[in-house]
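Here the structure comes first, spelled out in structure tokens, and everything after it is commentary.
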Amino acid sequence: MQPLPRSFYNRDTTLVARELLGKHLIRVTPEGHRIGRIVEVEAYLGPHDLAAHTAKGLTERTRIMFGPPGHSYVYMIYGIHHCLNVVTEPAGHGAAVLLRALEPVAGLTGRTSGPGLLCRAMGIDRLWNGHDLLSSDFFITDPGTAVARIVARPRIGVDYARHWARRKLRFYERGNQFVSRP
DNA sequence: CTCGGGATGCGT
DNA sequence: CGCATCCCGAGG
């Protein structure tokens, strides 16, 4: 159970997004391991992507997303839920991949289909913003198992992003019952 | 300081 | 379809 290397994240965001499917998200807690298989993601490409938070430029909120790859970007949405992203590409680029759904593997209670539910099940909140995913308590690993065919669709909830709303930057594993909105 | 709106989820 | 609930970013 080795964390994926920094070089995995330091690549084209769409490629990283697709390759994150089938990987295992792991958090080590005092109560044991929480493990989920990533089955749905969205790519946010950088400041030119009007759906990305970094389209606002470098702010306090986007500081982590503009930082080095392989770190978590966690933010609160609607005052209720949290969303977990992984930062991609070299520092300064401002891209990330949103994790949208997990297939439960171990230690997960509650639903895991949807970015807010995923965070709740994994116990992730904004205190985890900026965490290095090459750590031993919270990381992503390659289980070495096969992934079914990948489906590409427009991202969810980004209608404000004009033509970027139509780009097929949401990816999920075909036929997987844990995908939030097949 | 105020104000508008949001990469959601749930109940009606 | 309404709404909870709060943080962020923009503007005064």
Side-chain angles (χ1 to χ4, degrees), chain A residues 9 11-21 23 25 27 34 36-67 69-89 92-104 108-131 133 138 140 150-173 176-182:
Chain A
Y9 303 100
R11 297 182 295 159
D12 173 80
T13 302
T14 301
L15 178 64
V16 174
R18 297 177 66 100
E19 292 195 5
L20 277 173
L21 294 177
K23 299 296 189 291
L25 178 66
R27 185 156 114 68
R34 297 187 189 185
R37 180 173 176 270
I38 300 169
V39 298
E40 178 185 351
V41 297
E42 285 179 359
Y44 289 85
L45 304 188
H48 58 294
D49 177 358
L50 296 182
H53 289 167
T54 47
K56 297 286 187 184
L58 176 58
T59 67
E60 179 55 31
R61 184 194 207 189
T62 60
R63 196 180 78 249
I64 300 300
M65 212 173 144
F66 275 112
H71 291 252
S72 60
Y73 167 49
V74 181
Y75 65 93
M76 175 175 276
I77 184 69
Y78 298 117
I80 307 173
H81 308 289
H82 294 272
C83 292
L84 168 64
N85 301 250
V86 299
V87 178
T88 58
E89 313 217 31
H93 192 96
V97 175
L98 170 68
L99 305 189
R100 287 193 55 92
L102 301 175
E103 177 180 333
L108 294 178
T109 55
R111 297 196 58 207
T112 54
S113 300
L117 293 172
L118 179 157
C119 283
R120 177 165 291 277
M122 289 295 293
I124 298 302
D125 60 23
R126 76 202 134 153
L127 296 178
W128 290 89
N129 188 34
H131 193 82
L133 294 173
F138 184 41
I140 299 174
I150 295 173
V151 179
R153 289 288 183 270
R155 293 169 292 185
I156 303 290
V158 295
D159 292 343
Y160 57 87
R162 302 195 292 174
H163 66 284
W164 283 95
R166 293 196 290 276
R167 291 281 299 273
K168 294 182 177 178
L169 293 171
R170 174 181 180 229
F171 305 99
Y172 59 85
E173 184 182 42
N176 191 290
Q177 63 171 321
F178 293 97
V179 170
S180 65
R181 282 170 53 178

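Lettering follows sequence order; numbering is per chain, from 1.
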Where along residues 39-48 of chain A does a heavy atom come under 4.0 Å from DNA chain C, residue by residue in number order?
-> none
Can you tell which of B/dA7, C/dC7, B/dT8 lies closest to the side chain of A/L98?
-> B/dA7
Side chain of A/R111: nearest nucleotide among B/dC10, B/dG6, C/dG9?
-> B/dC10
So what does A/R61 touch, heavy atoms closer than 4.0 Å: a base, only the sugar-phosphate, or nothing?
-> sugar-phosphate
B/dG6 phosphate, OP1 or OP2, under 4.0 Å from A/Y75 side-chain N/O | no
Go ahead and write out DNA chain C as dot-bracket, 5' to 3': ( ) for pairs within the strand, [ ] for ones crossing earlier pairs, | when the partner sits on another strand, dots for unpaired; Watson-Crick or G-U wobble, both distances under 3.5 Å.
-> ||||.||||||.
Measure from the side chain of A/Y160, starting at C-beta and using heavy atoms only, and say which of C/dT5, C/dG9, B/dA7 lies closest.
-> B/dA7
Rounded to whole Å, the CD1-P distance (A/I80 to B/dA7) equals 14 Å
Measure the distance from CZ on A/R120 to P on C/dT5 and round it to the nearest whole Å.
-> 13 Å
Considering only nitrogen or oxygen atoms on both sides, find all protein atoms under 3.5 Å from nucleotides 10-12 of chain C and state each distance.
none

Report the residue (A/R126 or A/H81) whose heavy-atom-nearest nucleotide on DNA chain C is the more 5′ of the two.
-> A/H81
Proximal nucleotide (of B/dT8, B/dC10, C/dC7) relative to the A/C83 side chain = B/dT8
Examine B/dA7: is either OP1 or OP2 under 4.0 Å from a nitrogen or oxygen in the side chain of A/H53? Give yes or no.
-> yes
Would you indicate which nucleotide in B/dA7, C/dT5, C/dG9 comes nearest to any side-chain atom of A/E60?
-> C/dG9
